2 protein chains.
Amino acid sequence: MGNYDVKNEVTDKYSLRGRVFNRIREDILNGKYKEHGELKEVAIGEELGVSRTPVREAFRQLELEGLIQIIPNKGAYVTGITTKDVRDIYMIRSYLEGLCARWVTEEITPEQMAEMEENIFLSEFHASKGHYEQMAEMDNRFHEILYESCNSKMLEHLLKDFHQYVLRVRKKTLANSERGNQSNLEHRMIMEAIKAGEADRAEKLANQHMINAYENMVKLGLNEIENDTQ
Amino acid sequence: MGNYDVKNEVTDKYSLRGRVFNRIREDILNGKYKEHGELKEVAIGEELGVSRTPVREAFRQLELEGLIQIIPNKGAYVTGITTKDVRDIYMIRSYLEGLCARWVTEEITPEQMAEMEENIFLSEFHASKGHYEQMAEMDNRFHEILYESCNSKMLEHLLKDFHQYVLRVRKKTLANSERGNQSNLEHRMIMEAIKAGEADRAEKLANQHMINAYENMVKLGLNEIENDTQ
DNA sequence: TCAAGTATAATTGTATACAATCACACATAC
DNA sequence: GTATGTGTGATTGTATACAATTATACTTGA
């Protein structure tokens, strides 16, 4: 929050403001609004059937989320993520997911453990069938389970935000079965370390898992996806 | 915070909105608005001489900063930080300051190195004179120099926000000369590791420095400062 | 032709008006 | 006496009106 720091999520996802916020956020993450594209308050307001007021408030939050940048008296622009930003984020995530895996080892509940095992089982099933879409979903969910199981709202929120943040650049790298199988294997190893109560091992595996994910992404041509020199 | 994820700071500190935001933020950090205290839009607006609009927008941002919580249709409340939150934050900071020290070792410029050395020199001077106020300032500044020298806007922002965030609970622990001297020594050791180009050592020292700071805080009675069971 | 200045349109910033919701006190029924 | 219902005031949510700023196109002059 500040960014970065300790942020709360938008309290009410179902209020008008919450809906506007989430909608714009999605549209940015889905690529509907291009990098450095300008966001007009009235245009978006009309599209969502609301006035400028809730749109403006959503903008203020999206700015802190890092998704847009507001230049006073000028406008709101979708932020560009540089390749260096992506590298930094993955490295930061590597550290934090390591810490998370450590805490999960100490704090996970039986229910969460069961969900994690189920996730891995299902993920391997989808991999065997070549269901790329579901594999990607399972992959995202595995990490969310991890975040939710560490029993720290602070860390959970931090990691969820980072996770969301990189989805923008990660999309293309999912449809790759080789990495999918390897990723599943790594998930399984992390899970087993957690189950065995070996925090050190779980942490190291989580570190490496993130680094591998990053290197795979680079190999598949991150440079072609993003080449922002800002 | 964000909270957590990759947040930008409020773009224009000097616009009306920026001033309102920073003013409320300060007042919360300074303790003017108590924990769980309710913030009224009109009251704050009148106090700052503005209408509700900029106040509301500032609220939306403060919510993501994690300083307040907005309950729809009810109001904005200063968030309570639990002792567990504080522990979590310090542990997260320990990891991230470690990563930061590593990157600083690789990326620091001669000018930044010089400023860091000067900071330590001055800090030791103030310690010898018993200037507690200045010692605290120097301590804060040391960490900021560290953040600014890692050459990563992402990490810099993340750590600055966390740093800000804990100032609320840290105030009382500064006026303690014993910890002050120890802290200065640790700063010096981190600096020397960075200067020697030993990233591993710098990282470990930064980790431990944060843990020591936390334990000192606990020893001085964090429980008396905060005892929130939320 | 080019430069500077000016007018106009578009957009954001702020204030205010109105609607919706909530909290609390009071009244009424049992 | 307690519980339920209702009305009033306070507060937030949204829309709109107006002010300030910016960008752009056009005009004017050399």
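Bear in mind the structure is a predicted one, so any value in this text is a computation, not a measurement. Residue numbers begin at 1 in each chain, while the letters A, B, ... track the order of the sequences. Values reported hereafter were calculated over all heavy atoms of this structure, with side chains retained and with hydrogens, waters and symmetry mates removed.
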Return no unless some side-chain N or O of [X] is found under 4.0 Å from OP1 or OP2 of [N].
X	N	value
B/Arg60	D/dG13	yes
B/Arg56	D/dT12	no
A/Lys74	D/dT22	no

*So, is the end of the B/Arg56 side chain (NZ or CZ) under 6.0 Å from the ring centre of B/Phe59 and within 45° of the ring's axis?*
no
Using nucleotides 17-20 of chain D, report all nitrogen or oxygen pairs with the protein that are shorter than 3.5 Å.
none

Taking [atom1] from [X] and [atom2] from [N], how many angstroms apart are they, rounded to a whole number?
X	N	atom1	atom2	result
A/Arg19	D/dG13	CZ	P	15 Å
B/Ile70	D/dT11	CD1	P	16 Å
B/Ile71	D/dT12	CD1	P	12 Å
B/Lys40	C/dA23	NZ	P	12 Å
A/Ile44	C/dT12	CD1	P	9 Å
A/Glu41	C/dT14	CD	P	11 Å
A/Glu46	D/dT16	CD	P	11 Å
A/Phe21	D/dG13	CZ	P	16 Å

*After noting the C-alpha distance and the side-chain angles of B/Glu97 and B/His143, does the key distance pass the side chain to side chain contact (heavy atoms under 4.5 Å, CB included) rule?*
CA-CA 9 Å; B/Glu97 294 236 355; B/His143 287 273; 3.1 Å; yes
*Does any N or O in the side chain of A/Thr79 come within less than 3.5 Å of the main-chain N or O of A/Leu67, such that one atom is a donor and the other an acceptor?*
yes
*asked:* Tell me whether B/Asp85 contacts the main-chain N or O of B/Thr82 through its side chain, where contact means a donor paired with an acceptor under 3.5 Å.
replied: yes
*Should the pair A/Arg60-A/Glu57 be classified as a salt bridge under the 4.0 Å nitrogen-to-oxygen rule?*
no
_Carboxylate-amine/guanidinium proximity below 4.0 Å for A/Glu107 and B/Lys84_ = no
*asked:* Would you compute the distance between atom OH of B/Tyr95 and atom CE of B/Met91 and round it to the nearest 0.5 angstrom?
replied: 7.0 Å
*For A/Phe59 and for A/Thr53, find the nucleotide of DNA chain C with the closest heavy atom, then tell me which residue's nucleotide is more 5'.*
A/Phe59
*Could you say whether B/Glu38 or A/Ser51 is positioned toward the 5' end of DNA chain D, judged by the nucleotide with the nearest heavy atom to each?*
B/Glu38
